[in-house]
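Predicted, not measured: the structure shown is a model, and the values here were computed from it. Whatever order the structure lists ligands and atoms in, that order sets their numbers, starting from 1.
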Amino acid sequence: MQSLRSNSSVIALKGVGPALQKKLERLNLYQIDDLFFFLPLRYEDRTKFSEISSLKIGSRNLVTGKILNSEITFRGRRVLLVNIKDESDEMTLRFFHFSNQQKLQFKEDSYINFFGEVRKGAFGLEMIHPEYQITGKNQNLSTNNSLTPIYPSTDGVQQGRLRSLTNQALNIMHAAPPKELLPKEIYKKFQLPPLAKAINFLHRPPPEANLDEIISGTHPFQQRLVFEELLAHYLSLRKLRNLTVSESAKALKQGKEEIKNFTSELPFKLTEAQMRVTKDILVDLEKPHPMMRLIQGDVGSGKTIVAAIACIKAIASGYQAAIMAPTEILAEQHWHSFSNWFETLSIKPTWLSGSQKVASRRESLDSITSGNAKLVIGTHALFQEGFNFKNLGLVVIDEQHRFGVHQRMALRNKGVSGKNKPHQLVMTATPIPRTLAMAAYADLDTSIIDELPPNRQPISTIAVPETRRNEVIKRVSSACSRGQQAYWVCPLIEESEMLNCQAAEASYKILSEALPNFRIGMVHGRMKPAQKEKAMKDFKDGLTNVLVATTVIEVGVDIPNASLMIIENAERMGLSQLHQLRGRVGRGKVKSHCVLLYKLPLGKIAKERLAVLRDTNDGFIVAQRDLELRGPGEILGSKQTGLPQYRIADIGRDGYLMPKVQIAAESILKNHSSYVPKIIRRWLGETSRYEKV
Ligand code: ADP
Ligand code: MG
């Protein structure tokens, strides 16, 4: 043991052979000190016995008592029941799988210690399949002297084995504590406790430790490690950003006149915020390094026009620009808007989507590769196929909900001709709370459009149980008779697109019957692109009064005359999604309304969600509340693609640390840059996952 060092391979530990070593490597555990940072997910308290009368349903406890009797019953299935008594009360242990041998062990009057989750049974408290130890005539009152850590479960490696490995690792750590990788002034400034102390505590918390604090993740020792983990991720994103700066791109220097003409011909004046963000972009584009800029702006803040200006600069400078939209409907809409806007510039956008007919697709590809296509608009198809742009200068990714670091990395290398990378502009559909943005997007430059175009009236939102559907239909009717238009969004059925479409068809039928004087349109995911396009166009042109839709209209759709939005089964949708949907109205001069129809009974979280929407129209507040209610994974997309996967940090809980993390990171980058790779390796593994893509 003495000769082992913290950077020795795990194979040096007792009990580790080649097979286990492989499994450990899959957990990113290569060296002994990797185990230091392999932290428990939770803890169990086996440091003391609990009296039966003190047990709370749902908690996990250690109990000692005497076996009263045991019996096998046959109610539908064979069940072994063991009744236990201690000084305070009685309870039952229930086994569904057991051998006759096992049944015989439970001898009357023997002492037994057992651990498990307390449940409410038919006749009192129960535990199902507890861990247990029968000690016979003698009661054994020895307990663990620290809380029992439960490690992230892993296929084929038992908790007992993980405890033994971490025990060995901790012993080695006592002799040779891990290097402190943060500069001294940071420890002082943020009062961080020593690393070894924190690690030891978290692997083996003493019985007197404040378990509530540990469970909630707010113990100072946890926060010490959280700080370093957030720092590691932040540094790795900053490294990526530096990488971008070292890459080359074409400097796009032309377009001043064109942009001036373009903006002067718009029917409105850009807001201050739009001008500020536009300027950020135009400055970036003139640099010989690829822009990586994220535009955040609430629904309806006018991001599209900003993107259009960027495209003009790219095209005027002799390069191609491409706009990628997340849905076909939105891509279509952009195609129409840009066709209008760019008519005076004699630029006709080229269309590219997955469902395009072969001949038209070939035509598009030809002009993309030849460079005739100056502006290309489409869906993901833009970046999926094996073709190259002639000279792509700018990529705009619009309304990107899910934009994880991996996707960013993958996109960086798409459409690249020669050594020059295109400039990238990403526009998010969902505003992101500031601390979350700091953690997730440190590799990007960000600009925020924090102002809505003038004269927008706030949307008034109400929640109504679906039992009052008829009143809501009346409301639609009276809005339509005033010449206004309405969206009717059908329930989201996550299991199947097919069911979503059926729901839309059912609503379409009901509304057509209930509103015979008005024309009802419908759009859903299984319609042909041409049908979808026609439905959208008819609604835009005012030929239909009501558009029944699935959530395909969630992002981007811009039809200013629509002023009423009905959302069915609103209780099932997330806050950000509801905010997006609601954002389809409130774009014109008429006051808009949103009705959230919900099914009773309403759960607590659903209630809170609906209340948030009722109370605010501000997407940043909605996002902050969404973060608190659902956690960051939901806001940034799935756990794998959105935020970094943290081991111990929880950005919803720990986001408040980000401003400090940022200060520490800048100081380390400036004064102690040799520590950067070490910190990253410690938390992100052998090869930082961001670089592997
Ligand atoms: P989003 O940020 O949600 O993508 P859009 O770009 O679709 O918003 O713009 C929403 C609507 O506001 C569009 O109809 C657009 O023409 C209009 N708009 C954009 N900028 C302004 C402005 N400065 N003044 C008035 N209307 C504007
Ligand atoms: Mg948009």
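Near ligand 1, residues F268, K269, L270, T271, Q274, D298, V299, G300, S301, G302, K303, T304, E399, P453, R456, D558, R587 come within 4.0 angstrom through at least one heavy atom.
Residue V489 is tested with V548, I566, I553, L597 for a side chain to side chain contact (heavy atoms under 4.5 Å, CB included); the sole match is I553. For the salt bridge (Lys or Arg N to Asp or Glu O under 4.0 Å) with K313, the lone residue among E258, E286, E257 that qualifies is E286.
E568 and W488 share a donor-acceptor pair across their side chains, judged by distance under 3.5 Å alone. Between the side chains of N561 and Q485, at least one donor N or O lies within less than 3.5 Å of an accepting N or O. With 3.5 Å as the limit, one finds no donor-acceptor pair spanning the side chains of S447 and R276. Side-chain N/O atoms of H423 and D284 include no donor and acceptor closer than 3.5 Å.
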Legend entry - CA sep, side-chain torsions, deciding dist, call: D626, H579, side chain to side chain donor-acceptor pair (under 3.5 Å): CA-CA 10 Å; D626 206 12; H579 180 67; over 6 Å; no
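Under a 4.0 Å N-O distance rule, the pair E608/R625 qualifies as a salt bridge. Salt bridge R584/D558: absent, no basic N to carboxylate O contact under 4.0 Å.
The number of protein N/O/S atoms found under 2.8 Å from the Mg ion (ligand 2) is 1.
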